[in-house]
Amino acid sequence: MNNKPEESLSEEKRSLNFIEAIIEEDLQNNKNESRVHTRFPPEPNGYLHIGHAKSICLNFGMAEKYNGKCNLRFDDTNPEKEETEYVDSIMEDVQWLGFQWDKEPYYASDYFDQLYEWAKLLIRKGLAYVDDQSQELISQQKGTPTRPGIPSPFRLRSIEENMDLFERMKNGEFPNGARVLRAKIDMTSPNMHMRDPVLYRILHAEHHRTGNTWKIYPMYDFAHGQSDYLEGITHSLCTLEFEVHRPLYDWFLDQLIDTTYRPRQIEFARLNLSYTVMSKRKLLELVKTNIVNGWDDPRMPTIAGLRRRGYTPASIRAFADRIGVAKRDNVIDVGLLEFSVREDLNKTSPRVMAVLDPVKLIISNYPEGQIEDLELVNNPEDLDSGIRMVPFGKELYIERDDFMVDPPNKYFRLAPGREVRLKGAYVIKCESFELDSNNLVKTIYCTYDVETKSGTGSKQPKIKGTLHWVEASNAIDAEVRLYDRLFMDEDPSGHKDQDVIAFLNPESLKVLNGCKLEPMLAKAEIGQQFQFQRLGYFSVDKDSLKNNPVFNRTVSLKDNWTKTKGQ
RNA sequence: UGCCCGAUGGUGUAAUUGGCAACACGUCUGACUCUGGAUCAGAAGAGUUCAGGUUCGAGACCUGAUCGGGCAACCA
């Protein structure tokens with residue numbers, strides 16, 4: 001596990017976040033035998049995104065830090081939305097991030113029998129009843145946050161009748177929506193969740209694991225706390241919107257369990273990222289409407305998308321570490337995520353030469369037909385990475401951006417009469433250039449000075465600019481995909497009157513063909529990562545073909561020139 | 001107009017029993033550089049939403065207000 005940034009952060013005396021403070025207090029008080037057992041409880045109804053990554057790092061992180069355990073539990077109580085495809089992707093993503101759950105993955109559906117028994121216990125205790133009313137009626141009677149609700153006419157049904165009806169619900173005697181099982185709590189509670197919440201609904205649907213054995217399914221509230229209890233969870237971390245559910249979480253446990261052991265729900269603020277949408281519903285919509293190419297489209301904030309984009313597990317963990325946890329709403333600058341990958345990739349990825357927008361450069365005084373192999377350092381940040389040979393010759397490609405016919409004086413690159421260093425090769429001087437019929441530069445003619453050869457050359461003049469290049473006859477062609485933020489608005493979901501679609505960035509994907517790469521890249525394998533010198537970090541996409549590798553730009557290098565240029 | 005949360009530089013997070021606000025990203029200088037990257041050195045930027053109160057002393061405690069978020073799915 002590459003966790004250098006994490007290490008360096010934790011070496012300093014880091015103050016505790018509010019969850020760590022609670023855990024340490026519990027530990028001191030010997031609460032729950034001083035165990036720490038957390039869980040990551042996704043619903044398998046979509047792919048995990050960077051917001052889940054925060055939760056994963058938190059839950060598994062707390063377990064690691066306090067020598068505890070962390071379960072993976074699928075919260076699969078709604079068969080209509082859940083699929084095994086999602087279960088698989090979630091397991092893959094959690095492991096890819098570098099975490100391993102305790103024992104086997106668990107499922108709320110593992111507890112359906114126990115939950116059913118508990119529901120009957122509630123009925124026997126006179127704390128639950130079957131309501132025959134329609135959804136609309138129940139919702140009307142619920143009142144509003146400012147107005148108390150009124151009791152259902154079925155609230156006073158006998159225990160026997162409730163038991164009978166509930167069993168028949170279970171047996172599938174009634175159609176969807178005909179009846180529900182409700183807790184009998186308080187229809188006037190200021191907390192809407194305590195106004196006789198629904199415990200079970202009738203759903204004639206096939207469940208991804210239990211198939212057709214169940215005709216009734218528990219609601220989240222009736223399943224979550226009890227599942228925590230059954231798994232021995234001590235600290236049940238969830239996001240802020242569940243804060244008002246906590247009294248109910250505790251109420252069920254108090255009614256159903258008589259041990260002193262209790263899991264405790266603690267809420268934290270979910271992650272928001274600028275220029276990004278995070279709701280599963282909206283992400284699903286992007287996928288379904290083909291605005292992006294699937295859940296793992298590199299523009300998606302999904303873990304699968306980030307992975308395909310070239311983000312590393314270590315960089316995401318470092319990111320999660322840096323953003324911290326608290327209870328106030330927050331919007332993290334995507335720049336911080338980008339910083340985290342750059343930081344990681346800078347130390348680990350080999351440098352290579354790639355010209356994305358090639359223009360031909362001819363060195364007039366270089367021997368015709370001569371090719372020489374030059375030694376290039378693979379990664380100056382990691383001397384163990386060694387060197388490689390790169391062919392150099394009379395005809396090269398350089399980046400179109402690296403030549404200007406009439407440059408401003410702060411331009412350190414090539415221009416008529418100016419000198420520049422070719423990375424790892426020679427200093428060249430531009431003598432002339434040729435335009436095509438569209439007035440675009442077609443060929444640049446230079447001369448070189450043999451004496452200036454990198455490393456061995458006797459002349460090492462001070463030269464401001466260094467360009468990357470690729471020798472023409474040995475270059476391989478590639479497709480390069482440049483990604484930009486998917487949305488142009490800082491807070492695309494923050495507009496009540498407009499859908500996020502209105503803020504899509506039309507230039508979020510630019511596909512470049514005919515890019516020229518140094519020959520060793522022909523052997524690059526899917527998922528491999530490189531720094532294209534002076535351009536950014538790129539990783540080999542799964543769409544790559546034998547003779548047409550495809551590279552995704554993970555993130556560009558920081559670039560002061562674009563900044564100066566823009567001023 | 002009910003209940004529950006929250007409020008600290010541009011953005012996040014910190015300040016352990018109250019002792020004159022720290023760290024990271026970003027921004028701006030400068031050095032260095034065969035990546036306008038990295039690295040290194042430095043700077044600017046908040047007096048902690050507001051008003052009262054407790055105290056020798058409050059970002060921390062109390063009261064009230066303001067602002068923001070959440071809660072009325074047979075979703076999670």
Side-chain angles (χ1 to χ4, degrees), chain A residues 9 12 14-17 21 24 41-43 45 75-78 80-82 131 134-135 138-140 142-149 176-182 189-195 197-203 216-217 219-221 223-224 238-247 267 269 274 280-281 321-333 335-340 342-343 346-347 351 353 377 380-381 410-413 421-425 427 452 454-455 460 463-468 531-536 556-565:
Chain A
L9 280 171
E12 301 157 23
R14 252 213 305 175
S15 49
L16 305 178
N17 64 48
E24 296 202 357
E43 183 189 12
N45 69 342
D75 222 330
D76 56 351
T77 55
N78 185 359
E80 291 179 327
K81 288 187 181 168
E82 295 147 7
D131 196 332
S134 69
Q135 195 169 157
I138 290 177
S139 141
Q140 273 173 33
K142 205 149 212 166
T144 70
T146 51
R147 209 178 45 244
N176 285 2
R179 286 175 230 264
V180 289
L181 181 72
R182 290 228 257 167
S189 170
N191 182 340
M192 297 295 291
H193 297 279
M194 300 301 271
R195 322 244 262 228
V198 172
L199 268 33
Y200 268 92
R201 75 284 213 187
I202 299 170
L203 240 36
I216 55 172
Y217 290 90
M219 300 291 292
Y220 165 85
D221 285 307
H224 205 94
C238 64
T239 44
L240 249 30
E241 66 271 26
F242 292 99
E243 210 152 19
V244 281
H245 292 242
R246 188 171 0 114
E267 309 86 13
S274 61
K280 275 194 198 172
R281 210 200 87 241
D321 216 60
R322 249 185 283 262
I323 59 176
V325 258
K327 293 190 76 164
R328 72 185 86 117
D329 295 325
N330 60 83
V331 183
I332 308 289
D333 190 339
L336 193 60
L337 221 207
E338 293 174 349
F339 166 81
S340 299
R342 283 197 190 100
E343 177 190 50
N346 174 47
K347 296 195 176 95
R351 274 60 172 167
M353 304 244 254
V377 177
E381 303 287 326
K410 279 209 169 175
Y411 188 79
F412 303 153
R413 284 116 99 147
R421 157 77 66 184
L422 290 178
K423 177 80 186 172
V427 172
T452 61
S454 279
Q460 297 295 335
I463 298 285
K464 265 268 170 92
T466 301
L467 307 187
H468 60 279
Q531 185 198 91
F532 286 2
Q533 203 101 205
R534 300 210 301 137
L535 297 174
S556 65
L557 248 30
K558 279 215 298 193
D559 181 6
N560 280 313
W561 166 240
T562 1
K563 226 182 283 172
T564 357
K565 195 173 55 174

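Just so it is clear: chains get the letters A, B, ... in the order the sequence lines come, proteins before strands, and each one is counted from 1.
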From A14(B), C5(B), G37(B), nucleotide with atom closest to Ala326(A) side chain:
A14(B)
Starting at the 5' end of RNA chain B, which residue's closest nucleotide do you reach first, Lys327(A) or Pro380(A)?
Lys327(A)
Roughly, in whole Å, what's the span from CE in Met194(A) to C1' in C4(B)?
13 Å
Using Watson-Crick geometry (N1-N3 plus N6-O4 or O6-N4) or G-U wobble (N1-O2, O6-N3), each under 3.5 Å, A15(B) is paired with none
Under 3.5 Å for both donor-acceptor distances, Watson-Crick or wobble: does U63(B) have a partner, and if so which one?
A51(B)
Is there a side-chain polar atom (N or O) of Asn560(A) under 4.0 Å from OP1 or OP2 of G37(B)?
yes
Heavy atoms only, 4.0 Å cut-off, all strands: where does Thr77(A) land among base, sugar-phosphate and nothing?
sugar-phosphate
Would you check if Tyr220(A) stacks with the base of A76(B), given a 5.5 Å centroid limit and a 30° plane limit, both strict?
no
Under 4.0 angstrom between Ser139(A) side-chain N/O and A73(B) OP1 or OP2:
yes
According to the Watson-Crick and G-U wobble definitions, with both distances under 3.5 Å, which nucleotide is paired to C20(B)?
none
What does Ser134(A) touch in the nucleic acid at a heavy-atom separation under 4.0 angstrom: a base, only the sugar-phosphate, or nothing?
base
If you check the Lys558(A) side chain, which of C75(B), G26(B), G36(B) turns out closest?
G26(B)
Under 3.5 Å for both donor-acceptor distances, Watson-Crick or wobble: does G2(B) have a partner, and if so which one?
C71(B)
Could you say whether Val331(A) or Gly177(A) is positioned toward the 5' end of RNA chain B, judged by the nucleotide with the nearest heavy atom to each?
Val331(A)
Classify the nucleic acid contact of Val180(A) as base, sugar-phosphate or nothing, counting any heavy atom under 4.0 Å across all strands shown.
base
Kindly compute the distance separating CE (Met353(A)) from CZ (Arg534(A)), expressed to the nearest 0.5 Å.
10.0 Å
Rounded to the nearest 0.5 angstrom, the CD1-CG distance for Ile323(A) and Asn330(A) is 7.0 Å
Which part of the nucleic acid does Phe412(A) contact within heavy-atom distance under 4.0 Å: base, sugar-phosphate only, or nothing?
base
For a quick check of understanding: with a heavy-atom distance under 4.0 Å over all strands, which category does Val427(A) fall into, base, sugar-phosphate or nothing?
nothing
Under 4.0 Å from OP1 or OP2 of C3(B): is there any side-chain N or O of Thr146(A) that close?
no
So, are Glu267(A) and Arg246(A) salt-bridged, with charged N and O less than 4.0 Å apart?
yes
What does Phe532(A) touch in the nucleic acid at a heavy-atom separation under 4.0 angstrom: a base, only the sugar-phosphate, or nothing?
nothing
Taking the same atom, C1', in A31(B) and in G6(B), what whole-Å distance lies between them?
44 Å
Using a 4.0 Å heavy-atom cut-off across all strands, classify Arg195(A) as base, sugar-phosphate, or nothing.
nothing
Scan every strand shown for a Watson-Crick or G-U wobble partner of A44(B), both distances under 3.5 Å, and answer none if you come up empty.
none
Assign Arg351(A) to base, sugar-phosphate, or nothing according to its heavy-atom contacts below 4.0 angstrom with the strands shown.
base
Among C25(B), C75(B), G69(B), the nucleotide that comes nearest once only the side chain of Lys81(A) is considered:
C75(B)
Which label fits His193(A) and His245(A): parallel for a plane angle under 30°, tilted from 30 to 60°, or perpendicular past 60°?
tilted
For a quick check, tell me whether the side chain of Glu381(A) and the base of G37(B) share a donor-acceptor pair closer than 3.5 Å.
yes
Please tell me if Lys410(A) has a side-chain N or O lying less than 4.0 Å from either OP1 or OP2 of G36(B).
no
With no angle test and no hydrogens, is the base of A76(B) tied to the side chain of His245(A) by a donor-acceptor pair under 3.5 Å?
yes
Could you give the distance separating U17(B) and C71(B) at their C1' atoms, to the nearest angstrom?
36 Å
Side chain of Gln135(A) only, heavy atoms from C-beta on: which candidate in G37(B), G36(B), A73(B) is closest?
A73(B)
Pick from Ile216(A), Asn78(A), Thr77(A): which one makes a side-chain contact (heavy atoms from CB on, under 4.5 Å) with Leu203(A)?
Asn78(A)
Short side-chain N/O contact to U27(B) OP1/OP2 from Lys563(A), under 4.0 Å
yes
Ignoring hydrogens and angles, state whether a donor on the side chain of Arg421(A) or Gln460(A) is under 3.5 Å from an acceptor on the partner side chain.
yes
With distance as the sole test, does Asp333(A) use its side chain to make a donor-acceptor pair with the main-chain N or O of Ser274(A) at under 3.5 Å?
no
Between Arg322(A) (side chain) and Leu337(A) (backbone), is there a donor-acceptor pair under 3.5 Å?
no
Quick one: which of A76(B), G36(B), U35(B) gets closest to the side chain of Gln533(A)?
U35(B)
Within the 4.0 Å heavy-atom criterion, would you say Tyr200(A) contacts the bases, only the backbone, or no part of the nucleic acid?
nothing
Which value, in whole Å, describes the distance between the C1' atoms of nucleotides C74(B) and U11(B)?
41 Å
Quick one: is Arg534(A) getting a side-chain N or O under 4.0 Å of the G36(B) phosphate, OP1 or OP2?
yes
Does Arg322(A) get its side chain close enough to the base of G12(B), under 3.5 Å, for a donor-acceptor pair?
no
Using a cut-off of less than 4.0 Å, is there contact between a side-chain N or O of Arg201(A) and OP1 or OP2 of A73(B)?
no
Using the C1' atom on both, measure C56(B) against A46(B) and round to a whole Å.
26 Å
